[in-house]
Each structure stands twice: as structure tokens, then as C-alpha cells.
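I'd like to ask some things about the structure below.
Just so it is clear, the model here is predicted, and its values are computed rather than measured.
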Amino acid sequence: MADVKISAKIRSEFGKGASRRLRAQELVPGVIYGHGADPVHVTLPGYDLMMALKNSNVLIHLDVEGKKELVIPKAVQREAIRGFLVHIDLLTVKKGETVSVEIPVHTEGDLAPGQLILEHSLNALPVEAEATHIPESVTVSIEGLNAGDSVLAKDVKLPKGVTLDVEGDTTVLQVLAAQAEEPTEGEGAEGESAA
């Protein structure tokens, strides 16, 4: 899990116009919430935040005008076409506290020989973990899996202190046989006469 330090400033202007002006200055508007405290509206440096978000479930040591906060990203909004950061929601956490997050699922190994397709039912696995020890990802072996095989959430080996936040029988990955659709002789003849 990556730890990043970022400085933020309290924001007093709100609305679309204010947000546009901030983004023009390469700043990102955000909100810090959690632990029953009132939400704090802040601005964060866009480049530093973008680099921090390259790590999944990054733990951010935030300095808000001298006040230290430990936060994790909870919701990130990006511009649809260019992908730049538009807004971020940050959740305040404390050491020892358990949080619900989603961690990416990676695979290793090769499927059984043949024309098989690996389908990711879940690209990220919902788990509960201690806020300062969130794993970056989990790795699942797909070695030798054949058509009809699947990996359930309960089959994924989780690091110590991490528990599932989804039903154990939830499908994470499944292997499907590749199917090429070939028209039968009757279908081809009908298609030609209809045209």
C-alpha cells in the first residue's frame, strides 16, 4: 500500500464557475468527510493527486493548512473524454480502523489448452481491511482452468487481517468456451432471399 503526502487548502468558493477556475489553475476540488465530523471542502494540487491515484487504495497523509488528516479516496470523478480529475471525495481514517474498499484482482498462470475465454465477473474484490494496511491487489491462479470452471470469492487467498465484504459464493472469474457462430445452410439461404 502506497503512502503519499499532499498539502491541501480549505475552499470557500463553490459552484461550477469556482470549480472551473480551480481546474484552470490545475487544482482539484474535494471534500473530506468521516467520523461524524462536518465535511471539509478543500482544493488539492492536480498533478500530485493524479500521481497518488495511480496506486489503488492509496493512503494519503493530507496537510490541510497545518492540520494533519489521514484519508483514502472514496469517490473520484473524471472528465469523460480527456480523463482529468474533476472532483474527489476523501474519507478520514484512523490507524487500526477497518474500512470497506475494493482491491483489484490480477491473474497468473495459463488456462487449459483450447479456445477458452477468461471472464472477470469482478475486476475488483470488495473487502474489509485495516485502513493503514490495505493490500494493493490480490492475485488468483488460473493455471489449468477449463471451460465451466470458476473462481469464487471464498477461493481467493486474502492477506492476513483482510476479510471478504461480499458473499463467499460470488463468482470472481469464470472460464468459458469460445464459440464461433456459423450459419447453418438453412439460415444462409433465408438471409440471401430476404436481401
Under 4.5 Å between side-chain heavy atoms, hopping through other hydrophobics if needed: is there a path connecting V76 to M51?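 Yes, V76 and M51 fall within the same hydrophobic cluster.
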Looking at G96, is its backbone amide N or carbonyl O close enough to the side chain of E130 to form a donor-acceptor pair, meaning the two atoms are under 3.5 Å apart?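 Yes, the answer is positive, given that a donor and an acceptor are paired below the 3.5 Å cut-off.
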Any T92 side-chain heavy atom under 4.5 Å of L62 side chain: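 In short, these two side chains do not touch, never coming nearer than 4.5 Å.
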For T43 and K9, what are the C-alpha separation, side-chain angles and deciding distance, and is it a side-chain contact (heavy atoms from CB on, under 4.5 Å)? CA-CA 5 Å; T43 59; K9 293 185 177 173; 3.8 Å; yes
Please determine whether residues V64 and V28 belong to a single hydrophobic cluster, defined as Ile, Leu, Val, Met, Phe, Trp and Tyr linked transitively by side-chain heavy-atom distances below 4.5 Å.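 The answer is yes; both residues are in one hydrophobic cluster.
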side-chain hydrogen bond (donor to acceptor under 3.5 Å, both in side chains) contacts touching residues 104-120 (sequence neighbours left out):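 Listed once each, the pairs are E119-Q174.
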Rounded to the nearest 0.5 Å, what separation is found between the CD1 atom of I10 and the NE2 atom of H41?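 Those atoms lie 10.5 Å apart.
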Would you list the pairs meeting salt bridge (Lys or Arg N to Asp or Glu O under 4.0 Å) in which at least one residue belongs to residues 52-66, sequence neighbours left out?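 For residues 52-66: D63-K68.
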Less than 4.5 Å apart, any side-chain heavy atom of I134 and any of I103?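 Yes, their side chains come closer than 4.5 Å.
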Passes side-chain contact (heavy atoms from CB on, under 4.5 Å), L70 versus T132? Steps please. CA-CA 9 Å; L70 195 58; T132 57; 3.9 Å; yes
May I ask whether L118 and L152 are part of the same hydrophobic cluster, defined by side-chain heavy atoms of I, L, V, M, F, W, Y residues being less than 4.5 angstrom apart, directly or through others?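 Hydrophobic grouping puts L118 apart from L152.
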Quick one: do V156 and V105 satisfy side-chain contact (heavy atoms from CB on, under 4.5 Å)? Show the steps, please. CA-CA 9 Å; V156 177; V105 176; 6.0 Å; no
Only pairs at least two apart or in different chains count here, so list each salt bridge (Lys or Arg N to Asp or Glu O under 4.0 Å) that has a residue in residues 153-175.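 Residue pairs passing salt bridge (Lys or Arg N to Asp or Glu O under 4.0 Å), neighbours aside: none found.
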Nearest heavy atoms of A52 and I6, plus distance in Å: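 The pair with the smallest heavy-atom distance is CB-CD1, 4.1 Å.
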I want to check something: taking the side chain as every heavy atom from C-beta on, are L44 and L90 in contact at a cut-off of under 4.5 Å?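 With C-beta onward as the side chain, the pair touches.
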Side chain to side chain, P73 and I88, heavy atoms closer than 4.5 Å: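 SC-SC contact between P73 and I88 confirmed.
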Do V71 and V93 make a side-chain contact, defined as non-hydrogen atoms from C-beta onward lying under 4.5 Å apart?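 Of all side-chain heavy-atom pairs linking V93 with V71, none is under 4.5 Å.
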OG of S121 to CG of L173: how many Å apart, nearest 0.5 Å?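 Separation between the atoms: 7.0 Å.
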With a 4.5 Å cut-off on side-chain heavy atoms, are V4 and L59 touching?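 No, side chains not in contact.
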Strictly below 4.0 Å, N to O, side chains only: are E69 and K67 in salt-bridge contact?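 A salt bridge is present here (some side-chain N lies under 4.0 Å from a carboxylate O).
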Spell out, yes or no, whether I117 and V151 are grouped together once hydrophobic residues are joined by side-chain heavy atoms under 4.5 Å, including indirect joins.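 No, no single cluster joins them.
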Closest approach of G144 and D149, non-hydrogen atoms and distance?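 Taking G144 first and D149 second, the nearest heavy atoms are O-OD2, 4.5 Å.
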pair R11-P29: side-chain heavy atoms closer than 4.5 Å: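 Yes; the side chains approach each other to less than 4.5 Å.
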As an exercise, state the distance from OG of S100 to CD1 of I72, rounded to the nearest 0.5 Å.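 Going from OG on S100 over to CD1 on I72, the span is 9.0 Å.
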Given the rule in the side-chain contact (heavy atoms from CB on, under 4.5 Å) test, do L122 and T170 qualify, once you have shown the distances and angles that lead to the verdict? CA-CA 9 Å; L122 291 178; T170 301; 3.9 Å; yes
Test of understanding: clusters of I, L, V, M, F, W, Y form through side-chain heavy atoms closer than 4.5 Å, transitively. Do Y47 and L53 belong to the same one?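 Yes; tracing contacts between hydrophobic side chains, which count when under 4.5 Å, links both residues.
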Atom of A153, atom of L125 and distance for their closest heavy-atom approach: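 That closest heavy-atom pairing would be CB-CD1, 4.2 Å.
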Would a 4.5 Å heavy-atom cut-off, applied to side chains only, mark V31 and H87 as touching?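 Of all side-chain heavy-atom pairs linking H87 with V31, at least one is under 4.5 Å.
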In Å, rounded to the nearest 0.5 Å, how long is the span from CG of L49 to CD of E26?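 Nearest 0.5 Å value for the CG-CD distance: 12.5 Å.
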Nearest atoms (heavy-atom pairs only) where L116 meets A177: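 Closest heavy-atom pair between L116 and A177: CD2-CA, 4.2 Å.
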